[in-house]
Chemist: 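Below are the structure tokens for one structure; questions will follow.
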Amino acid sequence: MLKIYNTLAREKQVFTPIVAGKVGLYVCGMTVYDFCHLGHARVMVVFDTVSRWLRTSGYEVTYVRNITDIDDKIIKRANENGETITQLTQRFIDAMDEDSAKLGVIRPTIEPKATEFVDGMISMISALIDKGFAYVADNGDVFYSVNNFAGYGKLSGKSLEDLRAGERVEVDTHKKDPMDFVLWKSVKPNEPSWDSPFGGPNGGKGRPGWHIECSAMSSQLLGKHFDIHGGGQDLQFPHHENEIAQSEAAHSEAVRVEATHSHDGQPCQMVNYWMHNGFVRVDDEKMSKSLGNFFTIRTVLEQYDAEVVRFFILRAHYRSPLNYSDQHLDDAKAALNRLYTALRGLSVEAVAIDWQQSQAASFKVAMDDDFNTPEALAVLFDLANEVNKTKSLASAALLKALAGLIGLLQRDPDEYLQGQANANISADEALNVDQLIIQRNEAKLSKNFAEADRIRKLLADAGIILEDSSLGTTWRRA
RNA sequence: GGCGCGAUAGCAAAGCGGUUAUGCCGCGGCCUGCAAAGCCGUUUAGUCCGGUUCGACUCCGGAUCGCGCCUCCA
């Protein structure tokens with residue numbers, strides 16, 4: 001029985017889908033104006049793992065992860081680079097696909113781009129205006145009137161009073177209330193725009209605000225009411241709060257609710273379960289673009305194997321903070337090496353998992369408990385120990401099969417152990433290693449241990465570790 | 001200032017009201033020509049102060065410290 005920590009309820013809840021056997025999952029994806037950093041990697045890996053586990057649990061999952069390809073930063077960056085917006089966004093979408101593939105992330109079912117859903121956004125904004133939840137300001141911007149939505153703050157736990165008390169929002173004279181947020185930005189010089197019926201000084205021309213994108217795309221692709229919505233913790237407020245306000249107001253029966261806190265429409269819940277993953281940190285501070293303390297995925301992959309990075313992410317619970325450092329990555333690498341080492345030299349075949357088997361059952365209990373990957377990984381180490389002791393092919397097959405469910409341990413162990421990190425060994429180099437191993441074994445046979453140790457040292461200095469066993473000598477990268 | 005989250009051994013990180021988490025590192029042993037890998041054993045815990053309880057790392061209250069959101073942000 002799968003339990004999910006629901007931010008909306010602030011507790012773990014048994015997961016019950018809206019339609020039996022099916023799950024609609026929406027995750028806020030990237031704004032594509034730069035390379036993805038490790039924070040983005042965490043979102044991708046975490047929700048990849050969530051969707052994998054839901055599928056393993058027998059659900060037919062429709063996983064939507066959007067791409068924000070129109071926004072202030074994108075426009076600014078494209079202008080700086082002297083390229084078109086499409087050139088810029090396509091470049092970074094390609095880079096993102098490349099990075100996520102390396103991390104073992106399965107492509108979401110649908111990856112909608114905001115620019116392809118502007119019509120839906122416009123009709124949603126129109127509905128909000130018609131129902132009295134939004135208004136056109138004198139400059140042509142369209143704002144959402146937060147006072148008119150009684151449930152505002154239910155996700156983030158903030159009340160309008162609290163928000164006003166700590167108000168740091170710049171006063172926009174076009175807004176009726178400082179908390180109101182923009183749905184449609186009236187066109188400005190040198191900016192792309194779409195036609196709309198909202199009127200104003202620019203005849204309605206403009207572009208959508210960020211929040212409306214997700215409301216429009218999620219409702220069009222998954223329906224007005226769907227199962228799970230995920231994203232980083234920083235999106236909880238205001239982004240997700242605003243999505244709820246938009247979607248539930250637009251889809252409710254309430255019409256023309258004035259500035260009261262009671263709208264009497266039919267309840268029209270947008271999402272049943274809200275999931276938020278924790279941040280990646282550097283020196284105990286959030287990794288972010290604005291702080292400038294971020295590491296891009298591709299930078300990290302120059303130094304570490306992508307599977308090590310995935311393992312590093314899964315080693316912590318998805319809601320916990322995750323500190324990034326070389327030491328932690330090295331630690332993750334050593335741990336993953338242990339798992340691969342256990343599988344080395346065994347011909348492991350793909351098997352169907354027997355969920356009655358005790359370790360498989362423990363793995364399932366862990367994953368069913370709000371995707372507790374650290375505990376699930378502990379089960380894998382238990383199996384690795386068993387494989388090391390008994391060389392049981394059944395245990396090895398189970399280890400590989402369970403790990404595969406969370407996107408780990410699917411490569412050939414030797415290939416992983418010998419080719420990891422930046423040093424993709426060349427054929428020449430491999431041949432050289434093999435020759436040196438033969439020379440060393442000859443030296444060993446003639447009891448010339450000084451020569452044998454010299455060769456081992458030579459290779460060790462080149463980052464290659466030799467391991468003798470009854471089956472012969474093998475090597476791996478340090 | 002408002003709201004929220006966290007504090008576990010040298011490092012990382014989980015569960016659990018009483019029974020070995022797990023990985024890395026350290027130490028002892030086995031194995032090995034010696035190593036490495038592996039196996040066996042083992043040292044380091046639960047920020048502080050109260051309370052509940054036969055019993056608390058686990059529940060409750062308080063303090064301290066750290067982090068996040070309140071502005072674009074995964």
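So you know, we letter chains A, B, ... as the sequences are listed, proteins then strands, and number each from 1.
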Chemist: Counting the benzene-type ring for Trp, do A:His174 and A:Phe143 have ring centres under 6.0 Å apart?
Modeler: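 Ring centroids of A:His174 and A:Phe143 are no less than 6.0 Å from each other.
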
Chemist: May I ask you to say what A:Ala335 touches in the nucleic acid, namely base, sugar-phosphate or nothing, with a heavy-atom cut-off under 4.0 Å?
Modeler: sugar-phosphate

Chemist: Provide the full list of salt bridge (charged side-chain N to carboxylate O under 4.0 Å, His left out) pairs with a residue in residues 382-394 of chain A, sequence neighbours left out, each pair given once.
Modeler: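 Pairs touching residues 382-394 of chain A that pass the test: none.
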
Chemist: Enumerate the salt bridge (charged side-chain N to carboxylate O under 4.0 Å, His left out) contacts for residues 227-246 of chain A, please, sequence neighbours excluded, ordered by first and then second residue.
Modeler: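 Of all non-adjacent pairs touching residues 227-246 of chain A, those that pass salt bridge (charged side-chain N to carboxylate O under 4.0 Å, His left out) are A:Asp234-A:Lys286.
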
Chemist: Which letter, B, S or -, goes with each nucleotide of nucleotides 29-35 of chain B from 5' to 3', with contact meaning a protein heavy atom under 4.0 Å?
Modeler: ----BBB

Chemist: Using a 4.0 Å cut-off on heavy atoms, which residues in residues 394-409 of chain A reach RNA chain B? List them by number, or say none.
Modeler: none

Chemist: Report the relative orientation of the aromatic rings in A:Phe92 and A:Phe35; use parallel for angles under 30°, tilted for 30 to 60°, perpendicular for over 60°.
Modeler: perpendicular

Chemist: Wobble G-U and Watson-Crick pairs count when both distances are under 3.5 Å; given that, what is the 5' to 3' dot-bracket string of RNA chain B, with | for pairing to other strands?
Modeler: (((((((..(((.....[...))).(((((.......)))))....(((((..]....))))))))))))....

Chemist: Looking across every strand, which nucleic acid part, if any, lies under 4.0 Å from A:Asp72 by heavy atom: base, sugar-phosphate, or nothing?
Modeler: nothing

Chemist: So what does A:Val280 touch, heavy atoms closer than 4.0 Å: a base, only the sugar-phosphate, or nothing?
Modeler: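 Answer is base: heavy atoms of A:Val280 come under 4.0 Å of a base.
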
Chemist: My understanding is that only residues two or more places apart in sequence, or in another chain, count here; which of them pass salt bridge (charged side-chain N to carboxylate O under 4.0 Å, His left out) with A:Asp71?
Modeler: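 If we apply the salt bridge (charged side-chain N to carboxylate O under 4.0 Å, His left out) test to A:Asp71, skipping adjacent residues, there are no hits.
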
Chemist: With a 4.0 Å cut-off on heavy atoms, is A:Arg319 in touch with a base, just the backbone sugar-phosphate, or nothing at all?
Modeler: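 No contact at all - A:Arg319 keeps every heavy atom at 4.0 Å or more from the nucleic acid.
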
Chemist: Pick base, sugar-phosphate or nothing for A:Gly39, based on heavy-atom distances below 4.0 Å to the nucleic acid.
Modeler: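 Answer is base: heavy atoms of A:Gly39 come under 4.0 Å of a base.
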
Chemist: With sequence neighbours left out, what residues match A:Lys289 under salt bridge (charged side-chain N to carboxylate O under 4.0 Å, His left out)?
Modeler: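 Residues passing salt bridge (charged side-chain N to carboxylate O under 4.0 Å, His left out) with A:Lys289: none at all.
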
Chemist: Can you say whether a donor on the side chain of A:Lys158 sits under 3.5 Å from an acceptor on the base of B:C70, or the other way round?
Modeler: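 Not at all, since no donor on one side and acceptor on the other fall under 3.5 Å apart.
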
Chemist: Can you give one letter per nucleotide of nucleotides 10-15 of chain B, going 5' to 3': B for a protein heavy atom under 4.0 Å from the base, S for sugar-phosphate only, - for none?
Modeler: -SSSSS

Chemist: List the residues meeting salt bridge (charged side-chain N to carboxylate O under 4.0 Å, His left out) with A:Lys113, not counting sequence neighbours, and say none if there are none.
Modeler: none

Chemist: Is A:Gly29 touching bases, backbone alone, or none of the nucleic acid, heavy atoms closer than 4.0 Å?
Modeler: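 Since only primed, P, OP1 and OP2 atoms lie under 4.0 Å of A:Gly29, the category is sugar-phosphate.
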
Chemist: If the condition is salt bridge (charged side-chain N to carboxylate O under 4.0 Å, His left out), which residues does A:Lys447 pass it with, not counting sequence neighbours?
Modeler: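 A:Lys447 satisfies salt bridge (charged side-chain N to carboxylate O under 4.0 Å, His left out) with no residue once adjacent residues are dropped.
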
Chemist: Under 4.0 Å from any atom of RNA chain B, heavy atoms only: list the residues of residues 282-300 of chain A that qualify, in numerical order.
Modeler: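 Contacts with RNA chain B under 4.0 Å: A:Asp284, A:Glu285, A:Lys286, A:Met287, A:Ser288, A:Ser290.
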
Chemist: Check RNA chain B against residues 380-388 of chain A and give the residues with a non-hydrogen atom under 4.0 Å, in numerical order.
Modeler: A:Phe381, A:Asn385, A:Asn388

